[in-house]
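Whatever order the structure lists them in is the order used to number ligands and atoms, beginning at 1.
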Amino acid sequence: MDLTTSYVFDAAHRIAGHPGKCAWLHGHTYHLEVTVSSPTLNQLGMVMDFDDLRDVVRKAVLDLWDHATLLAAGDPLGPAIRAVQHEAPDRIVLLEGQPTAEILTREAWRRLEEQVPTGITLERVAIRETPACGSSISRRGT
Ligand SMILES: [Zn+2]
């Protein structure tokens, strides 16, 4: 049986080298959806407690990315923003690859898979940049 929770976080990003407007630093209110499963329910009739799943997602993703600037590792904006926002160096997150919805989804999947409790399977991670545009990864390949 599956269990799904949804989250919202705000972050800035840009796609350096993009031929259009995505090259300029801008922000999104991202919507993150996480689905986990278990073949059995616990004694309370749950896959896992919603609050426990929220704690996992908060530690794995939200604490890092909410109100952060997400950039590719080689983007010169990283050091530039650090220079003027030196009080919060952890709010500049450098990724292996451009901070597209696809790369963020893949990174969120990797981080979440490391932290879901034993006996719980990560099934799906979906991130939307806008109500119309997003990316997802599913263990079941859908
Ligand atoms: Zn964007």
ask   = Near Met46 CE, under 6.0 Å, is it more than 12 heavy atoms from other residues, nucleotides or ligands?
value = yes

task = Determine, step by step, whether Leu32 and Trp65 satisfy the side-chain contact (heavy atoms from CB on, under 4.5 Å) criterion, reporting the C-alpha distance in whole Å, the side-chain angles of both residues, the deciding distance to 0.1 Å, and the verdict.
result = CA-CA 11 Å; Leu32 167 66; Trp65 292 355; over 6 Å; no

message = Among residues at least two apart in sequence or on other chains, which ones pass side chain to side chain contact (heavy atoms under 4.5 Å, CB included) with Glu102?
response = Thr100, Ser135

key: Counterpart residues, side chain to side chain contact (heavy atoms under 4.5 Å, CB included), relative to Ala16 (two or more places apart)   = Arg14, Asp75, Gln98

query = How many protein N, O or S atoms are found at a distance of less than 2.8 Å from the Zn ion (ligand 1)?
reply = 3

task = Could you walk me through whether Leu104 and Val61 pass side-chain contact (heavy atoms from CB on, under 4.5 Å), step by step?
result = CA-CA 10 Å; Leu104 294 177; Val61 178; over 6 Å; no

ask   = Residues two or more places apart in sequence or in another chain: which of them pass side chain to side chain donor-acceptor pair (under 3.5 Å) with Glu96?
value = none

